[in-house]
Number of protein chains: 2
Amino acid sequence: MDFSIGDLARKTGVKVPTIRYYEKEGLIDTPVRTQGNQRRYFQKDLERLAFIRHARNMGLPMTAIRALLALSERPDQPCADADRIAKEQLREVRSRIRQLQKLEVELERISSSCEGGTRAADCQVLKAFADHTLCSGEH
Amino acid sequence: MDFSIGDLARKTGVKVPTIRYYEKEGLIDTPVRTQGNQRRYFQKDLERLAFIRHARNMGLPMTAIRALLALSERPDQPCADADRIAKEQLREVRSRIRQLQKLEVELERISSSCEGGTRAADCQVLKAFADHTLCSGEH
DNA sequence: GGTAGAGGCTCTAGTGACTAGAGGTTCAAG
DNA sequence: CTTGAACCTCTAGTCACTAGAGCCTCTACC
């Protein structure tokens, strides 16, 4: 029926101190306590925490998660915001991918430039890191 | 011949407080001072800071940068380490790209699931964020 | 019912890589 | 010589946790 913070941690994959942190930050409800002052959770807490965890895994910033949580608490509100947040995150992810791909090209060039020269003084890798003008594109 | 911390900031694109922070962290030399206690820099400082900045732009962690800096200070050392660091970073970047691409697929699915339903209660986007089991792959 | 030890509690401080602000001093141009 | 932009140090704040100290409670077994 109810379960401890450790149970909740195991079920959601969120660490115990992180759950307490989320509580302090107001992301999850303050749970009921046992007579001995220990937290006890229920199914609804598990769902909310799983939501947060999943959204975090998807790279959403806490502010976006707060917005989504607020939205899900007012079920009669229009959900256009939720859609907007998801699309925004998608744009973010795509732009990060593009940036990393530029970086990939750059690093490929750098790490293939080691010609087996043995001394750091002649190391092309070090030179490549030092000299931005050698880069093919901007970043 | 010599220049101020503001000049150095402009030339490298590293902000003034960040330069002072790097000094405190031992990433750059403690510069000479004017009679009035202001920092004065030279070409070598500019080069070192540009190196750091470029490497940071490439996503290298500070520890890797420290290793590269240490290496470049001992020019007779073999440079295999530099090559290893570059290759390691390349692997990292590639793995981050793969992860983000999975996320992209996921977010595409989520953000196309809004069927114009107007109420948050029925919002597929919120459901998708809540329910990990709807995900196609792992993450 | 007693006890051991796993797990719970609060609180403070630390992480990385900076950033912001307060309150004061110095430099360089006019 | 004056003005004001740029410099100085120091502390504290950011984000999203994480680590540790020191203490308390719950549960399972005897």
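Proteins get letters first, then strands, A, B, ... in listed order; numbering begins at 1 in each. Bear in mind that the values here come from a model prediction, so they are computed numbers and not experimental data. Just the heavy atoms: all of them, side chains too, but no hydrogens, waters or symmetry mates, feed the values below.
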Within the sub-3.5 Å range, which N or O atoms of nucleotides 10-13 of chain C have a protein N or O partner, and how far apart are they?
| residue | atom | partner | partner atom | Å |
| --- | --- | --- | --- | --- |
| dT10(C) | OP1 | R33(A) | NH1 | 3.4 |
| dT10(C) | OP1 | R33(A) | NH2 | 3.1 |
| dT10(C) | OP2 | R39(A) | NH1 | 3.1 |
| dT10(C) | OP2 | R39(A) | NH2 | 3.0 |

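Checked against side-chain hydrogen bond (donor to acceptor under 3.5 Å, both in side chains), E47(A) has the following partners two or more places apart in sequence or in another chain: Q43(A). Residues passing the side-chain hydrogen bond (donor to acceptor under 3.5 Å, both in side chains) test with E104(A), sequence neighbours excluded: R94(B).
Neither OP1 nor OP2 of dG8(C) sits under 4.0 Å from any side-chain N or O of R40(A). Proximity of Y21(A) to the phosphate of dC15(D): no side-chain N or O atom is located under 4.0 Å from OP1 or OP2. Y22(B) has no side-chain polar atom (N or O) that falls below the 4.0 Å cut-off from OP1 or OP2 of dA17(C).
A straight line from CD1 of I28(A) to P of dC17(D) spans 12 Å, rounded to a whole angstrom.
Side-chain atoms of R56(B) lie closest to dA17(C) of the nucleotides dT26(C), dC26(D), dA17(C).
A pairwise comparison of heavy atoms in L27(A) and R48(A) identifies O-NE, 2.7 Å as the closest pair.
The stretch residues 2-18 of chain A touches DNA chain C through S4(A), I5(A), G6(A), each having a heavy atom within less than 4.0 Å of the strand.
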Side-chain donor-acceptor contacts of residues 8-15 of chain A below 3.5 Å, not counting sequence neighbours, with atom names and distances?
| residue | atom | partner | partner atom | Å |
| --- | --- | --- | --- | --- |
| R10(A) | NH2 | D7(A) | OD1 | 3.0 |
| T12(A) | OG1 | L8(A) | O | 2.8 |
| T12(A) | OG1 | V14(A) | N | 3.2 |

Distance-only donor-acceptor hits, side chain of residues 33-41 of chain A, under 3.5 Å, sequence neighbours excluded:
| residue | atom | partner | partner atom | Å |
| --- | --- | --- | --- | --- |
| R33(A) | NH1 | N37(A) | O | 2.9 |
| R33(A) | NH1 | N37(A) | OD1 | 3.4 |
| T34(A) | OG1 | G36(A) | N | 3.2 |
| T34(A) | OG1 | N37(A) | N | 3.4 |
| T34(A) | OG1 | Q38(A) | N | 3.0 |
| R39(A) | NE | E23(A) | OE1 | 2.7 |

